[in-house]
Number of protein chains: 2
Amino acid sequence: MTVGVRHDDLRRRNRAMVIAAVRRAGQPSRTEIAAVTGLSNSTISTISADLIEEGILAQAKTGETAALKRGRPQVALGLNPRAATVVSIALSLNSLSASLIDYSGKAIIHDISRPATLTMTASGLVEAVTAAVGRLLARMEPDHGPVLRMTLAIQGITDSEARKLMWSPITPHSDIQFANALETAFGIPVTVENDCNMIAVALRGRAPDRYRDNFFTILLSNGIGMGLVLRGELFTGSHSSGGEFGHMIHVPDGAQCRCGRRGCIEAYAGNYAIFRHARGESEYAQPAADIDDATMLALAAAARDHDGREREAFRKAGEAIGFGLGSLFALFDPAPVAIVGLGSSAFDVIEPALRDAISKTAGGQHNAAISFDLEPDETPLIRDGCARQALTFVDQDIFAPGAAVETAGKAVA
Amino acid sequence: MTVGVRHDDLRRRNRAMVIAAVRRAGQPSRTEIAAVTGLSNSTISTISADLIEEGILAQAKTGETAALKRGRPQVALGLNPRAATVVSIALSLNSLSASLIDYSGKAIIHDISRPATLTMTASGLVEAVTAAVGRLLARMEPDHGPVLRMTLAIQGITDSEARKLMWSPITPHSDIQFANALETAFGIPVTVENDCNMIAVALRGRAPDRYRDNFFTILLSNGIGMGLVLRGELFTGSHSSGGEFGHMIHVPDGAQCRCGRRGCIEAYAGNYAIFRHARGESEYAQPAADIDDATMLALAAAARDHDGREREAFRKAGEAIGFGLGSLFALFDPAPVAIVGLGSSAFDVIEPALRDAISKTAGGQHNAAISFDLEPDETPLIRDGCARQALTFVDQDIFAPGAAVETAGKAVA
DNA sequence: ATTATTTTTTTCGAGGCTCGAAAAAAAGAG
DNA sequence: CTCTTTTTTTCGAGCCTCGAAAAAAATAAT
């Protein structure tokens, strides 16, 4: 049941909306905020005065915006960079990056390290992350705002509470309680998110025109990940982070997947699957742990060069992804798709088969209208998405606390 | 952008919530409404006084609820049956049912007819529906409330605006503008909904404990339909009613589907597909237009009786549905599933292969925990869902108008 | 029969929020 | 230096919800 809207929720919601408007618009004037939010000028004036007093917003120096118009010049409002900071952490295979982000979204410090994730113990992994954050915070200058939130993105499956890593290809261990460990170590609230979900958050923030209501992000690397945004909201499953596109079944009882099952899309389109096909190995051969980037780029080059096993391998990959996308389009209708990760640099050899497969599915009639955005380097997107996710939490739950959150399960609607 | 919450929205939202609480609870007292909504007793008192004055709610006669407790007895509030009426229309193959529903949700009058939908013209179909509604309204007694909404459920694909039928197996015609035609004829707002979506609405209303956040309804008949509820809200696609589970691809380039494509789940699990397999025909044989119920029941009986082609046909059907559900579970995590329609009466011969298939998919480890509700007769559910959908509209958009609807695409979240 | 107790519902004043109108502020135009 | 234009702030009005107290309506106790 949606809980009743009480009188004090009103101000909190509108505060959150003003903060959101400033974060999106960058340097809006009070008048612009009023126009965007639909609230009156007087209300915006009151709320922004509060937020400035609390150090959350800051007025730009006068004269910065050369108005060249008649009338009193607009005063630009911006997020006060020192209102807070957040930590954005991206953990992937043999790679760990932690960043300190100020409240305006600017990265201040990075800490990059290369732990051997596959061979570490679970507690070793937790310690590596803790140590990276520790180094980051140690380098933090005193005039920055307090650290109010950390978000950790990991390739793999996280739980729906965003507390732990349930399973990941980067480590043989499961159920690693990252959030508890980091919160104990630093006393700062932490969430653990799926990397593709953070990519989706980043894309929505960067290109809200294109990525708004429904869209999919697909990460092509050794495994296949997906971020799913439906009705403008990141979809996470009831138990897990959800969106296991790579483990939808492409061919019943088909090729051997790394997950132990058979016929998953990943077993045709993951790096190891393409590698396996290109080498002429059986579909049931044990998947290779990880294929390095140079090898994959060489396979793609060979596929471009001549019609051989490499080309066939990428063709099979495209077919698997295409049929999978076709199933998504059948469920959700066609929507924008972003292809992220190293695999997108081979998209030219994947695309023909992919489109051919889509044309055989329910979304086929819209094939021509479906465009794919490519982004070979996923790491900056993951970092960016984590930062946005953490900042949104600060905006909504710390700087506009208590706002009536719509609980799942509407009244009758 | 979510629009700002203005002061008068507050009352409207809380009005809607009180109405919703009464609709759900049946005959709650003011105190119970206050507890459920989280609003104060004084607010509930004010709002319910307004709603009673406007004839939307009605106080139950005193003495009806024998309290047997100390203290002032609770006064039960109920929906005033004469506050409004709505029309619920279910159109399926050769069958048309229109019902007049009072504001409390009780059906008053039914009009059942059997138009030959497959052979009618598009305008003939519209006229048949218009005539049925006309007969219904002609029989309406004057003391009933005004008709404020009509909802028409049809098997097939409707547009996302719920204005027209884009495609349906019950007629060769497409893009039939039912909503415009009915609104012109009767001057009452109309929506055109997918039948499976209405089944989902009905189930959520009937068993909110089981069907709340995420769940699926699957209709097994000549085609395969699906209703998809995610986060408590009916999911409809961006262009269409969405949820074309039956046309997710089960086997790439597989059996011939009625939709013209190949390998769809429906091409293995639709009645015509089971029939085709059981008769030993090729997977590529032209699908039969419609199989009557008795034939399908006989096939199921034969499958139960001996291990022959019939059993194999149902096995293939179960396998297709199982892999499809497995893909859904991969995307959304396992969730309750309701199997509706005549096919559910053969679920015993479908289930083994279905579960076997699910166990090979990403949701497989939860196989034992997944239970299926069966409901062979879908028509009452469709009628019920339509009525609920229409009444919810009246509750929210007519009796609590102007409430700030959360527009798609949240601010930053 | 009357009083006490309990529970529900209504009443009433207080406080908070947003809004519109008017005023103030801050620039360019003439 | 005054007029015009635009933005921002100020101020009173009008709602809405809330908590406390009062009223209402029943049972339990004396």
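Labels below follow one simple rule: chain letters A, B, ... track the order of the sequence lines, proteins then strands, and each chain is numbered from 1. Just the heavy atoms: all of them, side chains too, but no hydrogens, waters or symmetry mates, feed the values below.
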For Pro28(A), side chain to side chain contact (heavy atoms under 4.5 Å, CB included) partners two or more places apart: Val22(A), Ala25(A), Glu32(A), Ile33(A)

Atom-pair distance (CZ on Arg11(B); P on dC18(D)), nearest Å: 10 Å

Residue-phosphate contact under 4.0 Å: Asn14(B) side-chain N/O, dT17(D) OP1/OP2: yes

N or O in side chain of Thr31(B) less than 4.0 angstrom from dT9(C) OP1/OP2: yes

Interatomic distance, Arg70(B) CZ vs dA26(D) P [rounded to whole Å]: 15 Å

Partners passing side chain to side chain donor-acceptor pair (under 3.5 Å) against Asp102(B) (at least two apart in sequence or in another chain): Ser104(B)

All side chain to side chain contact (heavy atoms under 4.5 Å, CB included) counterparts of Ala107(B), not counting sequence neighbours: Ile101(B), His110(B)

Integer-rounded Å distance: dA25(C) C1' and Asn41(A) CG: 15 Å

Identified side chain to side chain contact (heavy atoms under 4.5 Å, CB included) partner of Leu100(A) from the options Glu141(A), Met140(A), Met150(A): Met140(A)

Nucleotide dA24(D), atom P - distance to CD of Gln59(B) in whole Å: 15 Å

Listed partners of Arg163(B) passing side chain to side chain donor-acceptor pair (under 3.5 Å), at least two apart: Asn180(B), Glu183(B)

For atom CD of Gln74(B) and atom C1' of dT9(C), their distance in whole Å: 11 Å

Considering only nitrogen or oxygen atoms on both sides, find all protein atoms under 3.5 Å from nucleotides 12-15 of chain C and state each distance.
| unit_1 | atom_1 | unit_2 | atom_2 | d |
| --- | --- | --- | --- | --- |
| dG15(C) | N2 | His7(A) | ND1 | 3.2 |

Shortest side-chain distance from Ser45(A), nucleotide among dT8(D), dT9(C), dT18(C): dT8(D)

Which atom of Ala200(B) lies closest to which atom of Phe215(B), heavy atoms considered: O-CZ, 3.5 Å

Closest nucleotide among dT9(C), dT8(D), dC18(D) to the Ser29(A) side chain: dT8(D)

Spacing between Asp9(B) atom CG and dC15(D) atom C1', to the nearest angstrom: 12 Å

Name every donor-acceptor pair, under 3.5 Å, that has one atom in a side chain of residues 49-58 of chain A and the other anywhere in the protein, sequence neighbours excluded.
| unit_1 | atom_1 | unit_2 | atom_2 | d |
| --- | --- | --- | --- | --- |
| Asp50(A) | OD2 | Arg11(A) | NH1 | 3.0 |
| Glu54(A) | OE1 | Arg15(A) | NH2 | 2.9 |
| Glu54(A) | OE2 | Arg15(A) | NH1 | 2.9 |

Arg15(A) vs Arg72(A), nearer the 5' end of DNA chain C by closest nucleotide: Arg15(A)

For atom CZ of Arg12(A) and atom P of dT17(D), their distance in whole Å: 16 Å

d(CG, Asp50(B); C1', dT9(C)) in whole Å: 15 Å

Phosphate-side-chain proximity, Thr43(B) and dC18(D), N/O vs OP1/OP2 below 4.0 Å: yes

